Structure formats: C-alpha cells, structure tokens
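These notes are about the structure you will find just below.
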Amino acid sequence: MRVVICGGGVIGACTAYFLRRHGVDVIVVERTDVAAAASGKAGGFLARDWCAGSPLDALARRSFSLHAQLPGEIAGDWGFRPMTAYSGFVAADGDPQRDAPSRLGWLANGVVIAQRIGTIETTAIVHPQKFTSAVMNAALAQGTDFRRGRVTGIVRDETRARGVEVDGGVIEADAVVIAMGPWSLLAAQWMRLPAVYGQRSPSIVYDIGSNVPADALFLDCETDGSAVSIEVFPRADGSTHITALSDIAPLPLDPAAVTPDLDAIARLQTMSERLSPLFRPEKLIVQQACFRPVTEDGLPLIGRVPQSEGLYVATAHNVWGILNAPATGEAIAQLITEGAARQVDLAPFDPARLAPLDPSLLQAR
Ligand SMILES: Cc1cc2nc3c(=O)[nH]c(=O)nc-3n(C[C@H](O)[C@H](O)[C@H](O)COP(=O)(O)OP(=O)(O)OC[C@H]3O[C@@H](n4cnc5c(N)ncnc54)[C@H](O)[C@@H]3O)c2cc1C
C-alpha cells in the first residue's frame, strides 16, 4: 500500500512516522521545507489536561504521553523538557504592585505571578522545528520518500482516489492524506471538505541562554490602552519564544510568503522588554509570523473525507497542533491500515460534522 501525505508540517511528519511503523510505503510532498510554516514557528508548549472537558481531551492526553515516549524511540534532540506554568499580569503604571519584585527572580519588578497552572507532571515543551524535523528524519530513515513540490489536485477513477497532481505530474497512491495546515483550504476545490481558516500570530525569539528556568508564562498586560495576553516559553536550547497579538490577515497562497506585521512585532518587543531585563534588543534572534489552521467549530478535522474513498484529512489543530500531532499521526495510521483508530475516538473530529465549503467561493478568490 502506498500513501501520499500532502504537507510536511508536524502533522504530516507524525503521520509519515506512524504509517511507516505499519510498513506502509509513504511519500511526503511538501511545497517549501519541512516545518517551514507554523510547525517551525510555534512555541512548542504541551499540556496534558488543559483540554479537559472538551472533545480534545483524550487526543491531548494520548499525545502528551507519546511526546514523553518519543525521545526514547527517535534519534535527535528537540529539547523535550517538563515545565512549570504560571499565570499572572503585568502591573500597570500607578498600580501599587508596579515596583514590587516578582515571585520569579528572572522577571522584572511588577510582573505579578498569580497562580501556578501547570507542573512538571502536566506541562512540558519541545522545540517545534527540531521536533518536526526529527520525526520526519525518523520517517525518512525508515524508508519514507520526501518530494519537494506543490500539490494541485487529486487523481481519481470511478471508485476512489488514485493519486495526487504535483507540479504538472502525477504521483500514484492508494490513499492520500491532506495535512497542509491552513492551505488545506485549497483541497476543498478537490474534495468535500469544510473550510479551514488561517489565524495569523506574530512571535519573537530571544537567545537568553540556558540558565533561565523552565517557567512558561501566561500573562495579561495592557498595551496602548487595550488588554493583551502574552505567552512566554523558555526552551531547553536557551531560546525563549514570545507570542501575543493574533490578527486576521489574508493567507498568502505560497507558505514561503508569510511575513509578520512590523507594527505588531515592535509592540511585542516593547511588551517583552517590560517582562524581564533578559529580553534585550541585542538578544533578539527571530521576528516571524505564522498561520494556525482553524475550523468553524474550533476542533480539528481528522478522518476520512466524506464521499471520497481513499482520501483522509488531518488538519486544523489550532493552538494545539504541536501537542496533538503524535496522537493524530498514530490515529490516521491506524485508520488507514486497520480501518479504525484504537487509542482515540475520532468521532468528534469527523470532517462530515461540518458542511463542506462551496468550491466556487475559492475559485472566485
Ligand atoms: C505563534 C504560534 C504559536 C503556537 N504555539 C503552539 C504551542 O505552543 N503548542 C502547540 O501545540 N501548538 C502551537 N501552535 C499551533 C501549531 O503551530 C499548529 O497547530 C501546527 O503547527 C499545525 O501543523 P500542520 O502540520 O497542520 O500545518 P503547517 O505547519 O502549516 O504545515 C503545513 C505544510 O503544508 C505545506 N503546504 C501548503 N500548501 C501545500 C501544497 N499545495 N503542496 C504541498 N505542501 C503544501 C506548507 O508548506 C507547510 O509546510 C502555535 C501556532 C502559532 C501560529
């Protein structure tokens, strides 16, 4: 059996890895580079039970435990480490707490830590670009074929999908998995798929060395008169990823053309410098943006594409794509090879739960 996976982000990489473990022939087709989009630009924060009470809970718990297992199975160092997570706020000018020392010694005065919201048992982090690359490399080492190219359509006969169109040619396959993140929207022209939207977020990365403790921060602060939530993730390699200020922007057709809004980056930098004296301009190493894939109901699409034998989709993981990638890859591999996912019930993520996008809306764009 041969499966073509469209997209070399974290979902495509994990799907390739688990499919190869079932002995399936796998070809990954990626338009730019492995982890070139959100999978290389995310924070990489993982939480075991922050989806409790939502349909994502079982997927997140399974994936959290796979993240803990994978360092023992795959070569490479992607900085998996347990973390403590805190919530709090940045005291505004005039607030009596403005000059009080922070509970966490590496933070500036006035950064008020209100609550511990994750422990080293329940929260962790990976470097998402290194994680995605390591999983893809493991899949390649087991025989996966990687091809750089742009998927432009699906090839079918009367009964089922038979392959994908790539740069004017055809790659034949017995099954196809769409894992193109927000660009999975394009696949709604080729099959009955609900809409997938891209939500843009800027982020910056500082290189502040490895003596910063593994403290993830979720802080409220005020900037230019509006309340903003900012997330800070120190990683094992000494880089600290900071994000805030999501906005709605048109998704460029070419993933390589995604660029940040420079005003948002400047505001993020000002907010970061207020958080800790370690976040100095000369320590800034990355300014970037990426698009999270999101559906109308906020849940991912994982499963068979309706009315299309041999077609599968795995996308729209929103803010939890790095966390949920291993269990998604495992579940899709089981669905394709055994007919059903064994560890996680995929029913809440069935693409058939949402109305398919009218393809004429895309052609008009
Ligand atoms: C700022 C930010 C911070 C985040 N932080 C976290 C976090 O801390 N924890 C967490 O769990 N998640 C986080 N996320 C979410 C996570 O990054 C995403 O959910 C996840 O990366 C999506 O992975 P993907 O493989 O579906 O898509 P992508 O990473 O977008 O990959 C899709 C791939 O498809 C390729 N492609 C597109 N079109 C084609 C085509 N026509 N042919 C072939 N290939 C194509 C693209 O080049 C791309 O490489 C964050 C997201 C953002 C934006």
Side-chain angles (χ1 to χ4, degrees), residues 7 9-14 35 37-64 66-67 80 83 85-87 117-118 122-129 131-132 179-185 194-205 216-220 227-235 240-249 251 255 258 260 264 268 288-302 313-329 344 348-349 354:
V10 72
I11 302 296
C14 288
S39 301
K41 298 175 180 171
F45 182 72
L46 316 172
R48 186 182 70 192
D49 48 19
W50 288 19
C51 299
S54 96
L56 283 170
D57 190 37
L59 187 75
R61 285 175 189 272
R62 174 67 186 161
S63 231
F64 192 80
L66 286 172
H67 269 288
F80 172 81
M83 299 196 98
Y86 299 94
S87 65
I117 53 176
T122 62
T123 47
I125 197 158
V126 295
H127 188 296
Q129 195 272 335
F131 173 70
T132 305
M180 302 192 303
W183 295 277
S184 302
L185 177 74
V196 177
Y197 306 96
Q199 173 99 49
R200 188 172 68 170
S201 301
S203 55
I204 55 180
V205 180
L217 307 174
F218 294 79
L219 302 171
D220 293 327
V228 173
S229 297
I230 186 163
E231 299 176 4
V232 180
F233 302 123
R235 303 190 287 210
T240 294
H241 181 281
I242 305 182
T243 186
L245 304 165
S246 285
D247 68 0
I248 304 291
L251 177 73
V258 173
L268 192 51
Q288 61 191 2
C290 60
F291 284 82
R292 286 181 275 125
V294 188
T295 52
E296 217 169 278
D297 64 5
L299 295 176
L301 304 174
I302 311 173
V313 63
T315 191
H317 290 72
N318 198 356
V319 295
W320 290 122
I322 307 300
L323 169 65
N324 287 328
T328 298
V344 176
F349 317 123
L354 296 170

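The first residue of the sequence shown is numbered 1, and numbering continues consecutively from there. Bear in mind the structure is a predicted one, so any value in this text is a computation, not a measurement.
Applying the ring-ring contact (aromatic ring centres under 6.0 Å, His included) criterion to F45, with sequence neighbours excluded, gives W50, F218, F233. Scanning for salt bridge (Lys or Arg N to Asp or Glu O under 4.0 Å) contacts around R200 gives D247, with sequence neighbours left out. Take E231 and apply the side chain to side chain donor-acceptor pair (under 3.5 Å) test, not counting sequence neighbours, and it matches no residue.
Summarising the geometry of C290 relative to A37, their closest heavy-atom pair is CB-C, 4.5 Å, with the distance given to 0.1 Å. Nearest heavy-atom pair across P293 and V196 is CB-CG1, 4.0 Å. Nearest heavy-atom pair, A244 versus V228, reported as atom, atom and distance to 0.1 Å: CB-CG1, 3.9 Å. Nearest heavy-atom pair, G321 versus I11, reported as atom, atom and distance to 0.1 Å: O-CD1, 4.0 Å. Taking each heavy atom of S184 and A179 in turn, the nearest pair found is OG-C, 4.2 Å. The shortest heavy-atom contact between R61 and A52 is NH2-CB, 4.3 Å.
The shortest side-chain heavy-atom distance between S246 and S201 falls under the 4.5 Å cut-off. A heavy-atom distance below 4.5 Å is not found between the side chains of D49 and F64. Within the 4.5 Å cutoff, the side chain of F131 has heavy atoms near those of the P326 side chain. Side-chain contact between T315 and M180 is absent, with no heavy atoms from C-beta onward closer than 4.5 Å. A heavy-atom distance below 4.5 Å is not found between the side chains of V319 and Q199. Two residues are said to be in side-chain contact when any heavy atoms from C-beta on lie closer than 4.5 Å; N324 and P300 fail this criterion. Between L185 and Y197, the closest side-chain pair of non-hydrogen atoms is not below 4.5 Å. L268 is listed as a side-chain neighbour of I230, based on a closest heavy-atom distance under 4.5 Å.
Within the 3.5 Å criterion, the main-chain N or O of V10 finds a donor-acceptor partner in the side chain of S39. Although no hydrogens or angles enter the test, the distance criterion places no donor-acceptor pair under 3.5 Å between the side chain of S203 and the main chain of T243. With T132 contributing its side chain and Q129 its backbone, the two residues share no donor-acceptor pair below 3.5 Å.
N318 contributes atom CG, which lies 12.0 Å from atom CG of L323 (distance to the nearest 0.5 angstrom). Within the model, atoms SG of C51 and CG of L59 stand 8.0 Å from one another, a figure rounded to the nearest 0.5 Å. Rounded to the nearest 0.5 Å, atoms OG1 (T295) and NE2 (H317) are 10.5 Å apart.
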